[in-house]
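Have a look at the structure below before the remarks.
Heavy atoms only: backbone and side chains are in, while hydrogens, waters and symmetry mates are out. Keep in mind that this is a model prediction, so the values were computed, not measured. Proteins get letters first, then strands, A, B, ... in listed order; numbering begins at 1 in each.
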Protein chains: 2
Amino acid sequence: MGTRASIPDIVIGRLPIYLRALGRMIQEEREYTSSHELGERLGISSAQIRKDLSHFGEFGKQGTGYNVQYLYEQIRHILKVDHEWPMAVVGVGDLGRAIAHYRGFQARGFRVAALFDADPKLLGERVGNLTVLPMDQLAAETQRLGIRIAMIAVPAAEAQAVADRLIEAGVTALLNYAPISLAVPEGVHVQYIDPAAHLQHMTFYLTP
Amino acid sequence: MGTRASIPDIVIGRLPIYLRALGRMIQEEREYTSSHELGERLGISSAQIRKDLSHFGEFGKQGTGYNVQYLYEQIRHILKVDHEWPMAVVGVGDLGRAIAHYRGFQARGFRVAALFDADPKLLGERVGNLTVLPMDQLAAETQRLGIRIAMIAVPAAEAQAVADRLIEAGVTALLNYAPISLAVPEGVHVQYIDPAAHLQHMTFYLTP
DNA sequence: CTACGATTGTTATGCTATTCACATTTTCCC
DNA sequence: GGGAAAATGTGAATAGCATAACAATCGTAG
Ligand SMILES: NC(=O)c1ccc[n+]([C@@H]2O[C@H](COP(=O)([O-])OP(=O)(O)OC[C@H]3O[C@@H](n4cnc5c(N)ncnc54)[C@H](O)[C@@H]3O)[C@@H](O)[C@H]2O)c1
Ligand SMILES: NC(=O)c1ccc[n+]([C@@H]2O[C@H](COP(=O)([O-])OP(=O)(O)OC[C@H]3O[C@@H](n4cnc5c(N)ncnc54)[C@H](O)[C@@H]3O)[C@@H](O)[C@H]2O)c1
């Protein structure tokens, strides 16, 4: 195929996993891999990997497999992480700080470019190489920096209000760490990080 | 139905989301809700919620809906979070500290009960009300405390080795924050938290 | 130069998940 | 007390996804 035509969202969700594995293979200086090997590493069937990739083009060679570096670049391009996205973090508590200090985003296409908090005591404080800004500078600063993505790290009770302000400021992708589902207009994307939910998923299978 | 018989894993994965929403409704002192209202809040169809719940029993009343408190307790029971699970955190860096300080686990059925790190400089340090322990106490301490769940917050290069040690110590549920897929034996459950992967999922849909 | 093993991309098949639709039950209001 | 409105639980229908399977292709060894 190679042309889009509404590619299943679940397929898009697996591409970052493939990318992650390919990144490690590059570190290991592996030059070629196969759908079978990738599948083994990820616990996914080789057929699924080939099928997923076939939505976007033909990246492999029969008999040989995939050139690791080439496939890596292709998926980076598909996911649009072949350039760096600046992001805002709202809420500079324990979690917001850990995120702001985290060095791992850079290699995956992201950079924390602005920090916001409502607490006057935090304003002006430096975290990493950034200064914590007040919420009333949110719109101006995100627009100035071309920020389209934000991470929400405020208490659950505040998360919807913060999301609304971010969306008003032009942010269209939200990664929400607060344990609450957000209501957002069409065209705004939301993803959730809820460790307690993952834990509860696993306890179902544990014997008490 | 009400009897098990292999309930789809994807259904189990949604129960914590329902629980989260019901918890908020309890805070809001709502006494009854409906599949329709829950669905609205969560962006899920009402039919799906009814079907999911029907795997476990009949919790609602026609014409009335669901008693919020009752449904909450039922799902807590199904997920086995009607009692508290002690957990270990391995890796007391920025992220491990944020996790250790996090107050939100308690209400969802979990408690950080032990911290481990390989760095001799951190050993004995107090984080929250816990002391950082060396890795060679991992097996003894998890067993002493009855820990069956661990969160991995070490660098990716160390994560597989840490997972192996945890599994050897009898831990059977892992929440992995390191951006790498883990190989684990049958019977061990793994969930992943990878914010960069979520972000990459969203950038696919953003215009560059 | 040929034959074989490896591996892809894709089509066909089967399975799983979601939605639809409705009989049934409950509440509430006149 | 009766009828309308609201809501559940579920079987049937639809849609979506994953797996199996294979022809086509490539590299290599003899
Ligand atoms: N710490 C963790 O490990 C962890 C894990 C999972 C989820 N979470 C969730 O992440 C969120 C933050 O957690 P935390 O531990 O960092 O909490 P925290 O209380 O340490 O920090 C919250 C920060 O948000 C700021 N804030 C509050 N209201 C705001 C508003 N309206 N606008 C802007 N800023 C505002 C506060 O001033 C504070 O600095 C919470 O929703 C929590 O449930 C945290
Ligand atoms: N900080 C974040 O916001 C963030 C976000 C997402 C993912 N992560 C991931 O979480 C992990 C931890 O991140 P961090 O920022 O806290 O890193 P960090 O370097 O601050 O902390 C890592 C800790 O792990 C310890 N450690 C290293 N090897 C160990 C071993 N073999 N056994 C036990 N302990 C060991 C180190 O001593 C250190 O204290 C990384 O894999 C990172 O990619 C972090």
Side-chain angles (χ1 to χ4, degrees), chain A residues 1-18 21-22 25 30-72 74-75 78 181 201 204, chain B residues 1-18 21-22 25 30-72 74-75 78 181 201 204:
Chain A
M1 294 285 137
T3 52
R4 57 199 64 101
S6 98
I7 289 151
D9 183 65
I10 197 162
V11 172
I12 309 303
R14 280 191 293 262
L15 296 184
I17 310 304
Y18 301 162
L22 290 165
M25 287 182 179
R30 308 261 295 87
E31 194 171 357
Y32 279 89
T33 187
S34 65
S35 59
H36 185 77
E37 188 191 38
L38 255 178
E40 285 262 296
R41 288 214 189 192
L42 298 175
I44 290 178
S45 82
S46 61
Q48 176 147 94
I49 290 172
R50 292 198 301 277
K51 184 120 223 251
D52 285 353
L53 295 177
S54 77
H55 286 96
F56 304 97
E58 309 193 354
F59 305 116
K61 208 189 287 184
Q62 284 150 326
T64 312
Y66 302 93
N67 177 293
V68 173
Q69 185 71 49
Y70 177 74
L71 184 57
Y72 182 76
Q74 292 299 307
I75 298 181
I78 293 165
S181 295
H201 188 155
F204 175 82
Chain B
M1 295 287 136
T3 50
R4 58 200 62 103
S6 98
I7 290 151
D9 183 66
I10 197 162
V11 172
I12 309 302
R14 280 192 293 263
L15 296 184
I17 310 304
Y18 301 162
L22 291 166
M25 287 182 179
R30 308 261 296 86
E31 194 172 355
Y32 279 89
T33 187
S34 65
S35 59
H36 186 78
E37 187 190 38
L38 255 178
E40 286 262 296
R41 289 214 188 192
L42 299 175
I44 289 178
S45 82
S46 62
Q48 177 146 92
I49 291 172
R50 293 199 300 279
K51 181 135 262 206
D52 284 353
L53 295 177
S54 77
H55 286 97
F56 305 98
E58 309 195 353
F59 305 115
K61 207 189 287 184
Q62 282 153 328
T64 313
Y66 303 92
N67 177 293
V68 173
Q69 186 70 50
Y70 176 74
L71 184 56
Y72 182 76
Q74 292 300 307
I75 298 181
I78 293 164
S181 296
H201 189 156
F204 176 82

Length of the line joining B:Leu71:CG and D:dT8:P, which is rounded to integer Å: 10 Å
Give me the atom names and distance for the closest heavy-atom approach of A:Leu53 to A:Phe59. O-CE1, 3.6 Å
When rounded to the nearest 0.5 angstrom, what is the spacing between CG in B:Leu71 and OG in B:Ser35? 10.5 Å
Roughly how many Å is it from CG in B:Leu53 to P in D:dT10, rounded to a whole number? 11 Å
Could you grab the distance from atom CG of A:Leu22 to atom CZ of A:Arg41, nearest 0.5 Å is fine? 9.0 Å
Could you state the atom-to-atom distance from NE2 of A:His36 to P of D:dT19 in whole Å? 14 Å
In this structure, how many angstroms lie between the P atom of C:dT26 and the OH atom of B:Tyr32, rounded? 12 Å
For C:dT18, does OP1 or OP2 lie under 4.0 Å from any side-chain N or O of B:Arg14? yes
Nearest to the side chain of B:Gln48, which nucleotide is it out of C:dG9, C:dT18, C:dT7? C:dT18
If I take atom CZ in residue B:Phe59 and atom P in nucleotide C:dT25, what distance separates them, rounded to the nearest angstrom? 20 Å
Taking only N and O in the side chain of B:Ser45, is any of them less than 4.0 Å away from OP1 or OP2 of C:dT19? yes
Which atom pair, heavy atoms only, marks the closest approach of A:Glu37 to A:Tyr32? OE1-O, 4.2 Å
Compare side-chain N and O positions of A:Lys61 against OP1 and OP2 of D:dG27 and report whether any pair is under 4.0 Å apart. yes
CD1 of B:Ile44 versus C1' of C:dT19: gap in Å, rounded? 14 Å
Assign B:Ser35 to base, sugar-phosphate, or nothing according to its heavy-atom contacts below 4.0 angstrom with the strands shown. sugar-phosphate
Can you tell which of D:dT10, D:dC26, D:dA21 lies closest to the side chain of A:Thr64? D:dC26
Examine the base of C:dT26 for any acceptor or donor lying under 3.5 Å from a partner atom in the side chain of B:Gln62, and report the outcome as yes or no. no
Looking at side-chain heavy atoms only, is the closest gap between A:Leu38 and A:Met25 below 4.5 Å? yes
Whole angstroms only, please: what is the CD1-C1' distance between A:Ile10 and D:dG16? 9 Å
Output the rounded distance in Å from CG (A:Asp9) to P (D:dC17). 9 Å
Taking only side-chain nitrogens and oxygens of B:Tyr66, does any of them come within less than 4.0 Å of OP1 or OP2 of D:dG9? yes
Between A:Asp52 and A:Gly63, which residue's closest nucleotide on DNA chain D lies nearer the 5′ terminus? A:Asp52
Could you check A:Lys51 against B:Arg50 and say which one's nearest nucleotide on DNA chain D is further toward the 5' end? B:Arg50
